[in-house]
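Chain A is the first sequence line, chain B the second, and so forth, proteins listed ahead of strands; every chain is numbered from 1. Keep in mind it's a predicted model, so treat the numbers as computed, not measured.
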Amino acid sequence: MKSLQPVRGTHDLLPDAFRRHRHVAERARAVAESYGFLEMATPIFEFTEVFKRTLGDTSDVVSKEMYSFADRGGEEITLRPENTAGVCRAIVSNGLRQSLPVKFFYDGPMFRYERPQKGRQRQFHQIGVELVGVEGPLGDVEVIALGAHILDALGILDRTTLELNTLGDQESRAAYRAVLVDYFSAHRDALSEDSLARLERNPLRILDSKDEGDRRLVAGAPTFETHLTGAAADFFAAVKAGLDTAGVAYAVNPRLVRGLDYYCHSAFEFTTTALGAQGTVLAGGRYDGLIEMMGGPATPGVGWAAGIERLAMLATDVPPAPRPIAVVPVGAAAETAGLRLTQSLRRAGLAVDLGYGGNLGRRLKRADKIGARVAVIIGEDELASGAAKVRDLDTGNQSEVSLAALADHLAAFR
RNA sequence: GCGGGUGUAGCUCAGGUGGUUAGAGCGCCAGAUUGUGGAUCUGGAUGUCGUGGGUUCAAGUCCCAUCACUCGCCCCA
């Protein structure tokens, strides 16, 4: 252990930050449920094979970003870098192919061994949805519309752009890939170093290169549109028409490409310019071949994931911290009565903070600092008279309320 | 994994060309107010100057390494 620092790229979530995260997750869950997506969870680690077989050996996630280790039994284990593979594994493991289609929502930590920067951490959190067992474009439309709806519920939809593209079916993609390789190979000397590597591993990736020279080449490159099979073109048209019907605005970006092997047909990204180099806020696509790659029967699927940290940085309307009622006992005799009173108020459904020590002034100061709405003061006088002092900490008004009537009186501050 | 920037108190930051006891504001603690918070006033404590080496009579200041953060690339949420 190196001193008392957290591991690089990991962060503590103290209450203020945690409240933002929780707000994002809760809003998202509520909207997802309104679309019929049910929350579920898979383990945060899986056999390494689950990710290796689905993400593709050449993807950066597999080749350099996985937290992998051998456990005590010698099993090769990996902390999940994303959750789609785990959810699909769970569908097969639990025999859920009997109940397709399934609609899942999830929320949890993911792990990637990356160089941290703004909006990028080694342990981060994602919410996401997976719709498995629907092969038609209506599935894509619903999943994308849900993403837009959640962003809207978080107050950030108007600061994002939905970029949409198609990666076609197997046939289209193979044909286009071959044409692209020919084109870029002919201009090899003009390609950037990064793109030369892409040419070997994932030539489609060259399309969204940020390099100036690459972009000039890309501008003259053959487009995917002209290489789509009729079926793939129809599928894309149906997705666009569905989004129009659902009232979801989008911009077709022919250069949008996904890095992971399992995507086909729809690829989409909600992007923003508010997060520096990390523009993607919510992204996903269709992955019809994934379960088959994993060793299961061919099963279509479509879904997306969104980074909670990124969403939390953009979210508006984050609720303020709750304001408790502070019970302030004065003097040793009142401590017991204070505890008894506190517990009875809590059982009545109120949020109550019991002051822990010091004189009256100190305890009121503490009550003020934690944002208490009212302070209930009980000392010897109050015990004798059977009525507590109730002090409104916003206005400074103070009144006497009989102990028996306290819970009802305070109900207004629940 | 590659390149740039930064690291001084809990937080935000000052500390010309090395020089003796390292500062401010906010926050924190105490008192004015031993049964009344917030405002004000008075007083107090902050700290391995990220860490480890080196140069020097002398290092917060210069050099090297390392760690962390940060910006960009790769890639991605």
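At the heavy-atom level, A:E382 lies under 4.0 Å from base atoms of the strands shown. Backbone-only contact: A:R8 has heavy atoms under 4.0 Å from sugar-phosphate atoms and none from a base. Residue A:E309 is out of contact with every strand shown, counting any heavy-atom pair closer than 4.0 Å. Across all strands shown, A:K389 has heavy atoms under 4.0 Å from base atoms, whether or not it also approaches the sugar-phosphate. Counting non-hydrogen atoms under 4.0 angstrom, A:R362 reaches the backbone sugars and phosphates but no base. Nucleic acid contact class of A:E380 (heavy atoms, under 4.0 Å, all strands): base. As judged by a 4.0 angstrom heavy-atom cut-off over every strand, A:G9 is placed among residues touching the sugar-phosphate backbone only. Among the protein residues, A:G128 comes within range of no part of the nucleic acid, since none of its heavy atoms lies under 4.0 Å from any strand. Within the 4.0 angstrom heavy-atom criterion, only backbone atoms of the sugar-phosphate kind lie near A:A305; the bases stay farther away. Among the heavy atoms of the strands lying under 4.0 Å from A:R391 is at least one base atom, whether or not backbone atoms are also near. A:G331 comes within 4.0 angstrom of nothing in the nucleic acid, heavy atoms only. A:L282 comes within 4.0 angstrom of sugar-phosphate atoms only, judged by non-hydrogen atoms across all strands, and of no base. Backbone-only contact: A:V281 has heavy atoms under 4.0 Å from sugar-phosphate atoms and none from a base. Nucleic acid contact for A:E82: none, since no nucleic acid atom lies under 4.0 Å from a heavy atom of the residue.
Between A:L207 and A:L180, some side-chain heavy-atom pair lies under the 4.5 Å cut-off.
Look at the C1' atom in both B:G44 and B:G15: the space between them is 24 Å, to the nearest Å. The gap from the P atom of B:C73 to that of B:C62 amounts to 30 Å, rounded to the nearest Å. On the C1' atoms, B:A30 is 27 Å away from B:C13, given to the nearest whole Å.
The closest donor-acceptor contact from the side chain of A:D288 to the backbone of A:G301 lies under 3.5 Å.
For the pair A:N359 and A:R120, nearest-nucleotide mapping onto RNA chain B gives the more 5' position to A:N359.
Taking the side chain of A:D368 as heavy atoms from C-beta on, and the options B:G4, B:U36, B:G37, the nearest nucleotide is B:G37.
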